[in-house]
Amino acid sequence: MARRLGRLAEAADIVVEAGSRAARARGAYESSLMGCREVQERLAGLICGAEVVRYGSARLDGLLEQGARDRAGRECAGLAARARALRADLAAVARALLGEAWVEANLPADDFPRPDERKNR
């Protein structure tokens, strides 16, 4: 799970970088129009979401190193929900700024377990 969270945070960084370039090319940083502000806010939301999952990944690693497997397991459910939300936001922002072909070629597969799915490892 920690690795998947890390990959998702990396994907968010890539979308923010590529999306920012695309938004800048469209003039999103030169205007105060509401649509431009929305793009900027969505990119900022990706940055915040990436930091949350990055922190969660580090926390899981720390708990596992301490031998707190039960606690790490309990925290995984909340992190998986945040990861799914970030993945959906990533896809939406990338589609809006970079197009469907870019999303298909560059975003990782949506491989986060659903809340009702249980895996024993």
Side-chain angles (χ1 to χ4, degrees):
M1 175 67 158
R3 283 187 216 135
R4 287 186 277 180
L5 291 171
R7 284 194 316 266
L8 186 60
E10 289 174 17
D13 293 343
I14 291 167
V15 170
V16 167
E17 184 178 327
S20 293
R21 281 193 308 269
R24 189 172 287 113
R26 293 179 191 162
Y29 298 115
E30 299 169 5
S31 176
S32 62
L33 296 175
M34 197 59 180
C36 296
R37 182 176 177 188
E38 181 182 329
V39 167
Q40 294 171 9
E41 288 173 355
R42 291 179 82 183
L43 289 169
L46 289 182
I47 293 168
C48 292
E51 289 306 311
V52 167
V53 297
R54 194 173 279 121
Y55 172 76
S57 175
R59 178 156 172 76
L60 286 178
D61 281 343
L63 288 170
L64 292 172
E65 285 177 8
Q66 296 168 10
R69 296 181 70 76
D70 290 340
R71 186 164 183 186
R74 288 190 304 268
E75 293 195 17
C76 275
L79 287 171
R82 287 182 180 263
R84 282 189 299 279
L86 178 58
R87 176 62 171 83
D89 289 346
L90 273 173
V93 171
R95 277 187 188 94
L97 295 176
L98 303 165
E100 185 65 35
W102 191 96
V103 170
E104 293 297 323
N106 293 288
L107 286 187
D110 188 9
D111 62 350
F112 288 94
R114 291 185 304 271
D116 59 343
E117 180 180 339
R118 184 176 176 157
K119 293 184 179 181
N120 293 322
R121 293 191 182 183

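Quick caveat: nothing in here was measured; it's all calculated off a predicted structure. Side chains are part of it too, since the values below use all heavy atoms of this structure and drop only hydrogens, waters and symmetry mates.
L43 approaches S20 most closely through the heavy-atom pair CD1-OG, 3.7 Å.
The side-chain contact (heavy atoms from CB on, under 4.5 Å) check on A77 picks up nothing, with sequence neighbours excluded. For R54, the side-chain hydrogen bond (donor to acceptor under 3.5 Å, both in side chains) partners are D13, E51, not counting sequence neighbours.
Between R4 atom CZ and L60 atom CG the span is 10.5 Å, to the nearest 0.5 Å. The distance from atom CZ of R42 to atom CG of L90, rounded to the nearest 0.5 Å, is 10.5 Å. Atom CG of L86 and atom CZ of R82 lie 10.5 Å apart (nearest 0.5 Å).
Clustering ILVMFWY residues whenever any of their side-chain heavy atoms sit less than 4.5 angstrom apart, transitively, puts V52 in a cluster other than the one holding L8. Side-chain heavy atoms closer than 4.5 Å link hydrophobic residues (I, L, V, M, F, W, Y) into clusters, and following such links, possibly through other members, connects I47 to I14.
Applying the salt bridge (Lys or Arg N to Asp or Glu O under 4.0 Å) test to every pair with at least one member in residues 58-68, sequence neighbours left out, gives these pairs: R59-E75.
No side-chain donor-acceptor contact under 3.5 Å links S57 to the backbone of V53.
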Contacts under 3.5 angstrom, residues 94-104 side chains, donor-acceptor by atom type, not counting sequence neighbours:
| unit_1 | atom_1 | unit_2 | atom_2 | d |
| --- | --- | --- | --- | --- |
| R95 | NE | E100 | OE1 | 2.5 |

